[in-house]
Protein chains: 2
Amino acid sequence: MSEQFYSEILREHGLKATVTRLRILELLSESKVAMSHSEISDCFDNEKIDKVTLYRTLNAFVECGIAHKVANEDRNWLYAIFDKDIKPNGTEGSEHKHEHAHFICSACDKIYCFPVVEEMKFNKLKDLMGFKIDQHEIRLHGTCPVCQ
Amino acid sequence: MSEQFYSEILREHGLKATVTRLRILELLSESKVAMSHSEISDCFDNEKIDKVTLYRTLNAFVECGIAHKVANEDRNWLYAIFDKDIKPNGTEGSEHKHEHAHFICSACDKIYCFPVVEEMKFNKLKDLMGFKIDQHEIRLHGTCPVCQ
DNA sequence: AAACTACTTGCAACTGAATTGCATTAATCG
DNA sequence: CGATTAATGCAATTCAGTTGCAAGTAGTTT
């Protein structure tokens, strides 16, 4: 995708299109998996990005709705661009940005985002002994195609 | 429960029954919710427990199978004794210690442990586009009875 | 195109959870 | 009751993430 394309995304979300943000947005947009602060940082070996700027950029992406964050097994935040979910056969990308499952590979520890498919919905479950359930989060553990 | 009772649990799991461990085990056993290091620490205002000892005790409980840990929304570890899960109507306590769901109250941020009930099982979901699924974790978000 | 201004960046210093090393102390077993 | 092995307590350290502030820059105004 062109720089123009990413610039527009940033501006549409109320963020100034700075060089640093464009580079981070492009990197995340092209990644198949959610990435941590340090992983992102390592991708900019040559032209170092300040760690605070990176933290603030990632938080800005999350706050404006460009990205979402998910904690990995080490409880560090991983960041992923919305609407990049892997689409299994016959599944339309969910309209609801927050409705997606996360797949954590036990071998490589990478996290992949999935839309919530029919099998993952348990509609009956609205109330459990007085606990009112609004939404649920699914974390799938297993082996990703790369590690099999 | 008596000190004898807790001492036995510790020894059965290969841990020496020290005063500190007994107090922590008793506290956790009587708690309806999973507790963080700092919450536990705060419960021992008078007779302070060393923070490192507390960390090591909690890890020992997890490693020997007395307790399990779950990350809260702030990504701090919360600890809970196994087999204290809330039992909804007609549910038998799960035999599999690791099969339980967590309910996170959006109001008070407390985490309650539940056994996995039938509605939460999606057996069909074993493979998703080449991602082999071994197990899944469910985090339910809503309002607990206390906060309603 | 220069000036403006509000947002963004970079640096240093800080916070808070959790860990490590090591000397001291206590629980268990013979 | 000792001996042995594990547990404790303290200081120092690590690491992710945050805060405050001065300097820089994008997007807008004139």
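In what follows, every chain begins at residue 1, and chains take the letters A, B, ... in the order their sequences are listed.
Between the base of D:dT5 and the side chain of B:Lys16 there is a donor-acceptor pair shorter than 3.5 Å.
A salt bridge links B:Arg139 and B:Glu73; the closest N-O separation between the charged side-chain nitrogens and carboxylate oxygens is under 4.0 Å. Salt bridge B:Glu3/B:Arg23: absent, no basic N to carboxylate O contact under 4.0 Å.
A:Asn76 places its CG atom 10 Å from the C1' atom of D:dG17, with the value rounded to the nearest Å. Note: CD1 (B:Ile49) to P (D:dG9) measures 8 Å, nearest angstrom. Computed from coordinates, the A:Asn59 CG to D:dT19 P distance equals 10 Å when rounded to whole Å. Rounding to whole angstrom units, CG of residue A:Asp50 and P of C:dT8 are separated by 15 Å. In this structure, A:Leu22 places its CG atom 9 Å from P of D:dG27, rounding to the nearest Å. In this structure, B:Leu58 atom CG and D:dA7 atom P are separated by 14 Å, rounded to whole Å.
Nearer to the 5' terminus of DNA chain D, by closest-nucleotide assignment, is the contact made by B:Thr18 (compared with the other of A:Thr18 and B:Thr18). Between B:Lys69 and A:Lys51, it is A:Lys51 whose nearest contact on DNA chain C lies nearer the 5' terminus.
Inter-residue side-chain proximity for A:Leu58 and A:Ile40 is flagged as met; some heavy-atom pair is nearer than 4.5 Å.
You'll find that the side chain of B:Arg21 is closest to D:dA7, out of D:dA12, C:dT9, D:dA7.
A sub-4.0 Å separation between OP1 or OP2 of D:dA16 and a side-chain N or O of A:Ser38 is absent. An OP1 or OP2 oxygen of D:dA26 is reached within less than 4.0 angstrom by no side-chain nitrogen or oxygen of A:Arg11. In this structure, B:Tyr55 does not reach the C:dT19 phosphate: none of its side-chain N or O atoms is under 4.0 Å from OP1 or OP2. Residue B:Thr53 has a polar side-chain atom (N or O) positioned under 4.0 Å from OP1 or OP2 of D:dG9. Distances shown here put a side-chain N or O of B:Arg75 below 4.0 Å from the OP1 or OP2 atom of D:dG17.
Between B:His37 and B:Tyr55, the ring planes are parallel. Angles under 30° get that label, and only those over 60° would be called perpendicular.
A:Asp74 places no side-chain N or O within 3.5 Å of a backbone atom of A:Asn76 that could act as its donor or acceptor partner.
B:Arg56 comes within 4.0 angstrom of a base, heavy atoms only. The residue B:Ala17 sits close only to the backbone: its heavy atoms come under 4.0 Å of sugar-phosphate atoms, none of a base.
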